[in-house]
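The next block holds one structure in the form of structure tokens; read it before the comments.
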There are 2 protein chains.
Amino acid sequence: MNRTEFRDAFFPDCPIRNVLSRVGDKWSMLVLFTLESNNCQRFKELQRNIPDISQKMLAATLKILEADGLVRREAYAEIPPRVEYSLSDKGKSLLPLIDNLLVWASSNMDDIIASRRRYLLK
Amino acid sequence: MNRTEFRDAFFPDCPIRNVLSRVGDKWSMLVLFTLESNNCQRFKELQRNIPDISQKMLAATLKILEADGLVRREAYAEIPPRVEYSLSDKGKSLLPLIDNLLVWASSNMDDIIASRRRYLLK
DNA sequence: CGGAATCCGACAGGATACTG
DNA sequence: CAGTATCCTGTCGGATTCCG
């Protein structure tokens with residue numbers, strides 16, 4: 001399951017594999033979510049809002065999200081250059097589903113962590 | 001963001017990072033989903049239903065999901081041994097959210113792939 | 001049958017330096 | 001400012017072997 005490939009090689013029609021190959025990496029969902037909280041942001045803003053992402057990974061992530069049509073990129077030929085990123089309609093349609101995951105996580109994380117603590121103590 | 005740690009080091013309360021650290025790996029969601037489609041399955045069955053997973057990764061994934069309280073493991077002291085895995089209540093509560101993601105993926109993957117093709121041609 | 005242990009390769013991703 | 005280019009490391013995950 002390679003992010004640069006179109007589909008999972010073994011199960012090209014498996015939605016789990018395909019969706020994970022898009023947003024299952026370390027940064028994609030975080031970038032999408034950051035864009036939603038304040039649609040239209042510049043490269044530097046995104047970096048500030050995700051302080052521990054490297055330039056390399058932010059650039060790479062945005063490139064893939066743009067290639068997949070989830071993020072729109074608008075470059076202005078100025079000096080110094082200005083580039084603005086925003087969610088596409090498709091990107092926006094994905095966010096509510098992520099939000100649901102987050103709601104679930106918020107109300108279950110403590111519980112999950114407690115489970116794991118108990119498990120490790122056994 | 002290490003799956004063996006409790007929380008993301010930088011942002012311990014960020015739900016995106018925490019949920020991704022649980023099910024954002026290559027196999028977790030697939031195992032959860034496979035368990036849902038036929039609750040209660042043995043190790044060998046799971047392997048058959050996910051043909052390209054290795055023993056090592058299936059065992060490791062199940063261990064983490066069990067530690068997080070998403071999957072229940074029941075071992076019977078027989079010879080040959082029998083072990084049955086099933087979704088816990090918490091695991092079941094997570095599945096509908098994944099389902100939503102999959103519905104989204106099903107109706108958008110072709111579009112996403114087309115986007116990427118266009119992008120690569122530029 | 002249901003694993004654990006070991007070895008190993010590939011690749012995601014970090015740090016740093018450089019550029020239009 | 002918004003990126004590339006390069007180098008380097010850690011981790012994920014595959015293949016194989018062994019065990020109760």
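Order of the sequence lines sets the chain letters (A, B, ...), proteins ahead of strands, with each chain counted from 1. Everything numeric in this text was worked out from a predicted model, so none of it was measured.
Taking the ring axis of A:Phe6 as reference, the NZ or CZ atom of B:Arg117 stays within 45° of it and closer than 6.0 Å to the ring centre. For the pair B:Arg17 and B:Phe11, the cation-pi criterion (under 6.0 Å, within 45° of the ring axis) is not fulfilled.
A sub-4.0 Å separation between OP1 or OP2 of D:dC1 and a side-chain N or O of A:Tyr85 is absent. When the side-chain nitrogen and oxygen atoms of B:Lys63 are compared with OP1 and OP2 of C:dA4, one or more of them lie within a distance under 4.0 Å. For C:dG3, neither phosphate oxygen OP1 nor OP2 lies less than 4.0 angstrom from any side-chain nitrogen or oxygen of B:Arg82.
As a whole-Å value, the separation of B:Glu84 CD from C:dC1 P is 14 Å. Put simply, CD on A:Gln55 is 14 Å from P on C:dC18, counting in whole angstrom units. Between the CG atom of B:Asp52 and the P atom of D:dG13 there is a distance of 12 Å, given to the nearest Å. The CD1 atom of B:Ile79 sits 8 Å away from the C1' atom of D:dG20 (whole-angstrom rounding). We find that CG of A:Leu58 is positioned 8 Å from P of D:dG3, with the value rounded to whole Å. To the nearest angstrom, C1' of C:dG14 lies 12 Å from CZ of B:Phe10. Between the P atom of C:dC1 and the CG atom of B:Leu62 lies a distance of 17 Å, rounded to the nearest Å.
Between B:Asp8 and B:Ser21 there is no side-chain heavy-atom pair separated by less than 4.5 Å. A heavy-atom distance below 4.5 Å is found between the side chains of A:Tyr119 and B:Glu66. Considering only heavy atoms from C-beta on, A:Leu46 stays 4.5 Å or farther from A:Arg42 through its side chain.
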Pairs under 3.5 angstrom, nitrogen or oxygen only, protein versus nucleotides 10-12 of chain C, please.
none

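From B:Ile112, atom CD1 reaches atom NZ of A:Lys90 across 6.0 Å, with rounding to the nearest 0.5 Å.
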Item checked: Residue pair A:Arg7, A:Asp13: steps toward the salt bridge (charged side-chain N to carboxylate O under 4.0 Å, His left out) verdict -> CA-CA 8 Å; A:Arg7 294 176 182 274; A:Asp13 294 325; 3.6 Å; yes
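Judged by closest nucleotide on DNA chain C, A:Ile53 is the one of A:Ile53 and A:Pro81 placed further toward the 5' end. Of the two residues contacting DNA chain D, namely A:Ala59 and A:Lys56, the nearest-nucleotide position lying further toward the 5' end is that of A:Ala59.
B:Glu74 has no carboxylate O lying under 4.0 Å from a charged side-chain N of B:Arg72, or vice versa, which leaves the two without a salt bridge.
Using a 4.0 Å heavy-atom criterion, one finds that A:Tyr76 contacts no nucleic acid atom at all.
Nearest to the side-chain atoms of A:Trp27 among the listed nucleotides C:dG13, D:dG14, D:dA2 stands C:dG13.
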Donor-acceptor contacts under 3.5 Å from residues 30-38 of chain A side chains, at least two apart:
| residue | atom | partner | partner atom | Å |
| --- | --- | --- | --- | --- |
| A:Thr34 | OG1 | A:Leu30 | O | 2.6 |
| A:Ser37 | OG | A:Thr34 | O | 2.9 |

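Annotation: proximity of residues 32-49 of chain B to DNA chain C (heavy atom, distance under 4.0 Å) is found for B:Arg42, B:Phe43, B:Lys44, numbered in ascending order.
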